[in-house]
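Residue numbering restarts at 1 for every chain, and letters A, B, ... go by the order of the sequence lines.
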Amino acid sequence: MRITKYPLFTIKEKPQNAELISNEYMLRSGIIQKNSSGLYTWLPLGYRILKKIKRIIRYYMKKINGIEIYMPILQSSEIWKKSGRLKLYGKELFKINDRKKKKFILSPTNEEIITQLIKKNVKIFQNIPILFFQIQTKFRDEIRPSYGVIRSKEFIMKDAYSFDISKKSLQKTYKKMSKIYKKIFKKMNVQFKIEKADGGNIGDGLSHEFVTITESMQNIKKKKKIKKKKLEIGHIFQLGVKYSKIMNIYTKDNNKNKKYIYMGCYGIGITRLIAAIIEQNNDHKGIIWPNAIAPFTVSIIPIQIKKNKKVKLISEKIYKTFKEQNIDVFFYDKIERTGIIFSEIELIGIPHNIIVSNKYIQNKELEYQNRKTGEKKIFKIKDIFKYIHKILKKKSRNNFTSKSN
RNA sequence: CGGUGAGUAGCGCAGCUUGGUAGCGCAACUGGUUUGGGACCAGUAGGUCGGAGGUUCAAAUCCUCCCUUGCCGACCA
């Protein structure tokens, strides 16, 4: 992508009311823009990041035979009444009426619909154990939305639902799921802990939370206080037979006794996860993206593009080559002050940066800068491609190329 | 819902104590000089000061109510 065709929505100054560092950087780097409390627009750059995360999640979910579906967000209140969660969720549920005054809710999670799906398609019992998942917008009428995207009224979640024939089988699925979650978060460079949790409104069986620890500075009466916050980015539940009993989903054993289906559900808060990653990967200049989810992995920064035709020409060539090689490359092909270019590129956190200047092209060389380590290296122009590929391969054995979406 | 801040140009802010008809920086536009780290000079444009009501000759400024919004608590993922 070139900046002349793909504007950045960067902001120089810290926005008002952005207390948390992740919120500040998300707003400043043009990932999101606030519409009102708890509601955000995902700008071009942010949407790229979202897509990369979704791609990684899909990749790993498919590895454990997860099957992707898409359920409605707008759901009849009836089914929620039946499960007893209309009352349980209470005011957190968004409730709306249609023109005939029929009652609906905006889904915060989907146990009701998925169990209904199984009940209506008993043939599916032949495929059990089975795992469904979806990536979808969810709604929660928060009392107090806060920390930007971390607690918002509308958010994107990966929710998965498993169906097993026995408790033992469910436990096996649960373990598999836990393992794959670990892989997903590691891939994204998130440090996390797994903690035994209380099921809340979702279930009453065994459940575990994947939490990150966030350190946020807070000015309390001029005394700087470091506040540690737990942030839940994933949650897995063994629901057992709770919902299948309510929905009456069962098979029969040899003695014609009812055997209820064992269910599990598994969530990852995707939009929140992005904030968590930024909380853990930043410095005073901005975000430091891990390769796997950086909106762009490589930038090309030409110095004095106006004066030096040759700089421009070579930059164009390098840009084209990276594009052909399927690297997500960002080309700063605009006449701009060098300071501004570097600040913007560093703020949005592109991990690998290539600087093309008159200083080095005389010797057919260019400069490489690593966003994370700050390391600077001089390369022959023709050697830079190999080097970038080497770094990217080392950090990501699985090749998530931009075409797979 | 309790506690506590904030709302003035696209963004970040000053002005409010002591009422006299709105200013600074950045961004935008014009011209010029610069430019390997958010530059400089000259000029232009942009505001029913969150809203409604009240006090007053006169309100961004004082009073009342409302709206929006940040943080703490409670609640939640």
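- Within the 4.0 angstrom heavy-atom criterion, no nucleotide atom of any strand lies near A:F9.
- As judged by a 4.0 angstrom heavy-atom cut-off over every strand, A:T10 is placed among residues making no nucleic acid contact.
- Partners of A:F104 according to the ring pair (Phe, Tyr, Trp, His ring centres under 6.0 Å) rule, which considers only residues two or more places apart in sequence or in another chain, do not exist here.
- A straight line from CG of A:D141 to P of B:C1 spans 12 Å, rounded to a whole angstrom.
- Looking at heavy atoms from C-beta onward, A:L131 lies in side-chain contact with A:I64 at the 4.5 angstrom threshold.
- Judged by Watson-Crick or G-U wobble contacts below 3.5 Å, the nucleotide B:U64 has B:A52 as its partner.
- When side chains are defined from C-beta on, A:N353 counts as touching A:I345, because their heavy atoms get closer than 4.5 Å.
- In this structure, the CD atom of A:E154 is 23 Å from the P atom of B:C76, given to the nearest Å.
- A:I233 comes within 4.0 angstrom of nothing in the nucleic acid, heavy atoms only.
- Of the candidate nucleotides B:C76, B:C26, B:A74, B:C26 has the atom lying nearest to any side-chain atom of A:K12.
- For the salt bridge (charged side-chain N to carboxylate O under 4.0 Å, His left out) condition, no pair includes a residue of residues 162-182 of chain A, sequence neighbours left out.
- Backbone-only engagement by A:S37 is indicated by non-hydrogen atom pairs under 4.0 Å involving sugar-phosphate atoms exclusively.
- Nucleotides B:G50 and B:A45 place their P atoms 24 Å apart, quoted to the nearest Å.
- As rounded to the nearest Å, B:A60 and B:U48 have P atoms that lie 13 Å from one another.
- Using atom C1' as the reference point in both B:C49 and B:G15, the two lie 10 Å apart (nearest Å).
- Comparing B:G54 with B:A58, their C1' atoms sit 15 Å apart, to the nearest whole Å.
- Distance OH (A:Y332) to C1' (B:G38): 10 Å, rounded to an integer number of Å.
- Among the heavy atoms of the strands lying under 4.0 Å from A:E142 is at least one base atom, whether or not backbone atoms are also near.
- The separation between A:F94 atom CZ and B:C76 atom P is 18 Å, rounded to whole Å.
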Below 3.5 Å is the cut-off: list the nitrogen or oxygen pairs between protein and nucleotides 30-34 of chain B, distance only.
from: B:U34; atom 1: O2; to: A:R337; atom 2: NH1; distance (Å): 3.1

Between the protein and nucleotides 12-14 of chain B, which nitrogen or oxygen pairs are less than 3.5 angstrom apart?
from: B:G12; atom 1: OP1; to: A:Q16; atom 2: N; distance (Å): 3.1

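- No contact: A:K376 has no heavy atom under 4.0 Å from any strand.
- Comparing the same atom, P, in B:A74 and in B:G19 gives a spacing of 43 Å after rounding to whole Å.
- Pair assignment for B:U18: none, as no Watson-Crick or G-U wobble contacts are both less than 3.5 Å.
- Nucleotide B:G25 forms a pair with B:C11, judged by Watson-Crick or G-U wobble geometry with both contacts under 3.5 Å.
- One interatomic measurement links the two molecules: NZ of A:K34 to P of B:C11, which rounds to 12 Å at whole-angstrom precision.
- Among the heavy atoms of the strands lying under 4.0 Å from A:I355 is at least one base atom, whether or not backbone atoms are also near.
- Summary of the strand contacts: A:K153 and A:E346 both lie near RNA chain B, and taking for each the nucleotide with the nearest heavy atom, the more 5' one is attributed to A:E346.
- B:C11 sits 14 Å from B:G46 when the C1' atoms are compared, rounded to a whole Å.
- The side chain of A:Y147 places an N or O atom within less than 4.0 Å of a non-bridging phosphate oxygen (OP1 or OP2) of B:C72.
- With C1' as the reference atom, B:C62 and B:G20 are 14 Å apart, rounded to whole Å.
- Mapping A:N358 and A:N23 onto RNA chain B by nearest heavy atom places A:N358 at the nucleotide closer to the 5' end.
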| query | Are A:M263 and A:S162 close enough, and set up right, to give a side chain to side chain contact (heavy atoms under 4.5 Å, CB included), and what steps lead you there? | reply | CA-CA 5 Å; A:M263 197 173 159; A:S162 71; 5.8 Å; no
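- Between the CD atom of A:Q33 and the P atom of B:G10 there is a distance of 13 Å, rounded to whole Å.
- Computed from coordinates, the A:R144 CZ to B:G3 P distance equals 14 Å when rounded to whole Å.
- Remark: B:A42 base-pairs with B:U30; criterion is Watson-Crick or G-U wobble with both hydrogen-bond distances under 3.5 Å.
- One interatomic measurement links the two molecules: CD1 of A:I340 to C1' of B:A27, which rounds to 10 Å at whole-angstrom precision.
- The side chain of A:I143 approaches B:A74 more closely than any other nucleotide in the set B:A74, B:C71, B:G38.
- Using a 4.0 Å heavy-atom criterion, one finds that A:Q369 contacts the bases of the nucleic acid, with or without backbone contacts as well.
- In this structure B:A59 sits in no base pair that meets the Watson-Crick or G-U test at under 3.5 Å.
- If you take atom C1' in B:A59 and the same atom in B:G53, they sit 13 Å apart, rounded to whole Å.
- The partner of B:U69 is B:G5, judged by Watson-Crick or G-U wobble contacts that both fall below 3.5 Å.
- Pairs engaging residues 299-331 of chain A under the ring pair (Phe, Tyr, Trp, His ring centres under 6.0 Å) rule: A:F296-A:F330, A:Y319-A:F331, A:F322-A:F385 [sequence neighbours left out].
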Contacts table for residues 25-32 of chain A: side-chain donor-acceptor under 3.5 angstrom, sequence neighbours left out:
from: A:Y25; atom 1: OH; to: A:D283; atom 2: O; distance (Å): 2.7
from: A:Y25; atom 1: OH; to: A:H284; atom 2: O; distance (Å): 3.3
from: A:R28; atom 1: NE; to: A:E24; atom 2: OE2; distance (Å): 3.2
from: A:R28; atom 1: NH1; to: A:I11; atom 2: O; distance (Å): 3.4
from: A:R28; atom 1: NH1; to: A:K12; atom 2: O; distance (Å): 2.8
from: A:S29; atom 1: OG; to: A:Y25; atom 2: O; distance (Å): 2.6

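- Under the Watson-Crick or G-U wobble criterion, with both distances below 3.5 Å, B:G47 has no partner in any strand shown.
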| message | Using side chain to side chain contact (heavy atoms under 4.5 Å, CB included), reason through A:M1 and A:R48 one step at a time and then give a plain yes or no. | response | CA-CA 12 Å; A:M1 219 48 90; A:R48 279 184 84 91; 3.7 Å; yes
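- Nucleic acid contact for A:T338: sugar-phosphate only, since backbone atoms but no base atoms lie under 4.0 Å from a heavy atom of the residue.
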